[in-house]
Amino acid sequence: MRMPTPADDQALIRSALQTDGAARRRVVERLGCIPAMLRLREQRLGEPLSSEERLEAAQETALAVWAKLERFDGRAPLEGWVFGFVVREHYKALARRRRGARRAEPVLQEPPDEASPEPTDDYAKVHRCIEALGSPSAEIVRLRHFQERAFHDIARELDLPESNVKTRYYRAVSRLRVQLCSLWKEAMG
Amino acid sequence: MERLSAEEELLLERVWLGELDPASVAVQRRAQANPAVAEALRDWHELCARMEACRDEDRRLVEQALASASAEDRVRIARTLRHVPPRQLRARILGWFGLLVAAALLVFVGWRVLDDRKAGPSPTGFLGAEGSVAPLGSVPSLALFTVEASHPAWRTLRIAVYDLEGRELLASPILEEARWQPTDTELEVLRRAGPIEWEYELLDGAGAVCASGGPFRAWLSD
């Protein structure tokens with residue numbers, strides 16, 4: 001069977017938005033990979049969620065994708081586009097857990113070290129540092145480098161002026177350079 | 001280590017934003033002149049290469065997810081989205097609902113306007129003075145004549161009532177208040193007259209007419 005191209009995906013989404021029941025079912029079926037994406041990402045980053053957290057994150061991801069279906073532009077396969085939402089919701093789930101842990105702590109005690117164990121490989125380090133940039137800078141870097149989007153596209157996606165996106169991107173990359181390049185240089189001795 | 005000047009910072013920003021080729025002569029000249037620029041460029045290449053590697057890994061991860069998604073996962077997501085229409089559809093439903101509400105409002109306003117017309121002529125706009133005038137149109141009684149106006153300020157008032165042929169039926173005394181209650185005998189005259197027309201005059205301190213309103217038509221509803 002021929003694999004659907006991004007253009008096929010865009011046509012499918014368009015049909016789904018036109019209340020075509022069969023197309024909607026097909027899109028829903030394609031979104032069924034969200035829980036698997038979450039599981040694999042958790043494993044890869046070494047930051048596992050509980051089954052309840054995972055279920056909630058998967059549902060939130062599906063709803064977020066569903067709410068923004070009309071923004072799918074067919075530049076990447078549907079699942080690649082959905083993965084961006086998975087990343088965002090995974091981090092949100094981790095943040096919710098940290099907030100919950102902080103609330104559970106007695107008030108007079110020092111807050112615990114909220115970060116997960118220090119990552120040992122590049123993949124996790126890069127993602128951790130990008131996440132630490134905060135919103136919307138982390139989003140901007142992810143859209144630029146992981147989805148190869150142009151700045152004007154990113155600006156439209158995030159409802160920000162393009163000049164603002166560029167400024168934030170430059171500052172974010174400068175921070176990443178300081179954090180990551182020094183780590184890499186240390187590792188190389 | 002040498003530091004970056006503002007100009008060099010700007011140059012690096014343009015390289016990082018993809019507006020300037022790092023291999024261009026201008027960039028290379030700066031890199032040769034200042035080792036800090038050369039180092040920033042090396043870091044930039046390193047950062048891009050490592051993020052590219054991460055992106056490739058993400059793509060592999062998506063492929064693995066596609067291969068490992070279970071039927072249970074698909075059912076769960078389908079259940080989540082079952083009752084949520086896509087935003088475009090929601091917008092369409094809201095749009096139709098809005099149109100329906102607007103149409104209902106229009107019908108209601110139209111009905112009220114027609115209803116008001118049936119009740120009698122409106123004083124609004126007459127000399128621009130009256131805010132409220134009674135009796136007006138079809139009324140249950142002609143027992144109280146009232147005039148409310150914002151301009152000009154009230155001084156004294158005189159009200160006169162006519163039949164439809166213009167014959168004067170009644171005239172009030174000079175009134176201090178903007179209301180007049182005819183006596184029972186006078187009311188009997190009005191009851192017999194059927195439809196009436198009435199008007200008012202505002203008088204200044206010397207008794208001269210300074211403003212007037214009317215004629216307003218009124219008739220008993222029974």
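Order of the sequence lines sets the chain letters (A, B, ...), proteins ahead of strands, with each chain counted from 1.
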Handout entry: Residue A/V87 versus chain B: region with a heavy atom under 4.5 Å
Key = neither

Handout entry: Between B/W198 and B/Y162, ring centroids under 6.0 Å
Key = no

Practice task
Select one option (side chain, backbone, both, neither) describing which atoms of A/V126 are under 4.5 Å from chain B's heavy atoms.
Solution key: side chain

Fill in the blank from the handout: Turns out that what part of A/Y169 lies under 4.5 Å from chain B's heavy atoms comes down to side chain

Problem - Side chain, backbone, both or neither of A/R39 within contact of chain B (heavy atoms, under 4.5 Å) - result: side chain

Practice task
Could you tell me whether A/E89 and A/K92 have a side-chain N and a carboxylate O separated by less than 4.0 Å?
Solution key: yes

Problem - Interchain contact, A/L55 with chain B, by part (heavy-atom threshold 4.5 Å) - result: side chain

Practice task
State plainly whether the residues B/D58 and A/R44 are in salt-bridge range, i.e. N to O under 4.0 Å.
Solution key: no

Handout entry: Part of A/C33 lying under 4.5 Å from any heavy atom of chain B
Key = both

Practice task
Against chain B, label A/L180 side chain, backbone, both or neither, depending on which of its atoms sit under 4.5 Å from a heavy atom there.
Solution key: side chain

Problem - Sidechain N-carboxylate O distance under 4.0 Å for A/R26, A/E29 - result: yes

Problem - Donor-acceptor pair, side chain of A/E42 and main chain of A/L49, under 3.5 angstrom - result: yes

Practice task
Please determine which of A/W66, A/W81, A/F85 meets the ring-ring contact (aromatic ring centres under 6.0 Å, His included) test together with A/F72.
Solution key: A/W81

Exercise for the section: Go through the side-chain N and O atoms of B/D73 and B/S70 and say whether any donor and acceptor fall under 3.5 Å apart. Expected result: yes

Exercise for the section: Verify, without hydrogens or angle tests, whether A/R168 (side chain) and A/P136 (backbone) share a donor-acceptor contact under 3.5 angstrom. Expected result: no

Completion exercise
Only one of B/L157, B/L175, B/V209 passes side chain to side chain contact (heavy atoms under 4.5 Å, CB included) with B/L203, and that residue is B/V209

Practice task
Using atom types as modelled and distance alone, determine if a side-chain donor or acceptor of A/Q179 lies under 3.5 Å from a backbone N or O of A/L176.
Solution key: no

Problem - For chain B, which residues of residues 144-153 of chain A have heavy atoms nearer than 4.5 angstrom - result: A/R144, A/H145, A/F146, A/E148, A/F151

Problem - Atom group of A/S174 that falls short of 4.5 Å from chain B, counting heavy atoms - result: both

Exercise for the section: Among the options B/Q64, B/E72, B/E52, B/R74, pick out the one with the most heavy-atom pairs lying under 4.5 Å from chain A. Expected result: B/R74

Exercise for the section: Would you please go through residues 24-31 of chain B and name the residues with a non-hydrogen atom below 4.5 Å from one of chain A, in numerical order? Expected result: none

Practice task
May I ask you to check whether A/D73 and A/Q10 show a side-chain donor-acceptor distance below 3.5 Å?
Solution key: no

Practice task
Say whether, by atom type as modelled, one donor and one acceptor occur between the side chain of A/D9 and the main chain of A/L78 under 3.5 angstrom.
Solution key: yes

Practice task
Examine whether an atom of B/R76 lies under 4.5 Å from a heavy atom of chain A, and if so say whether it belongs to the side chain, the backbone or both; otherwise answer neither.
Solution key: side chain

Fill in the blank from the handout: Applying a strict 4.5 Å limit to non-hydrogen atoms, the region of B/A40 in contact with chain A is both

Practice task
For the pair B/F108 and B/W111, name the ring-plane relationship: parallel under 30°, tilted 30 to 60°, perpendicular over 60°.
Solution key: tilted

Practice task
Verify the distance criterion only: is there a donor paired with an acceptor across the side chains of B/E9 and A/Y170 at less than 3.5 Å?
Solution key: yes

Problem - Option from A/E52, A/E56, A/E53 for which salt bridge (charged side-chain N to carboxylate O under 4.0 Å, His left out) with A/R96 holds - result: A/E56

Fill in the blank from the handout: If you tally heavy-atom pairs under 4.5 Å between each of A/R177, A/Q59, A/M37 and chain B, the highest tally belongs to A/R177

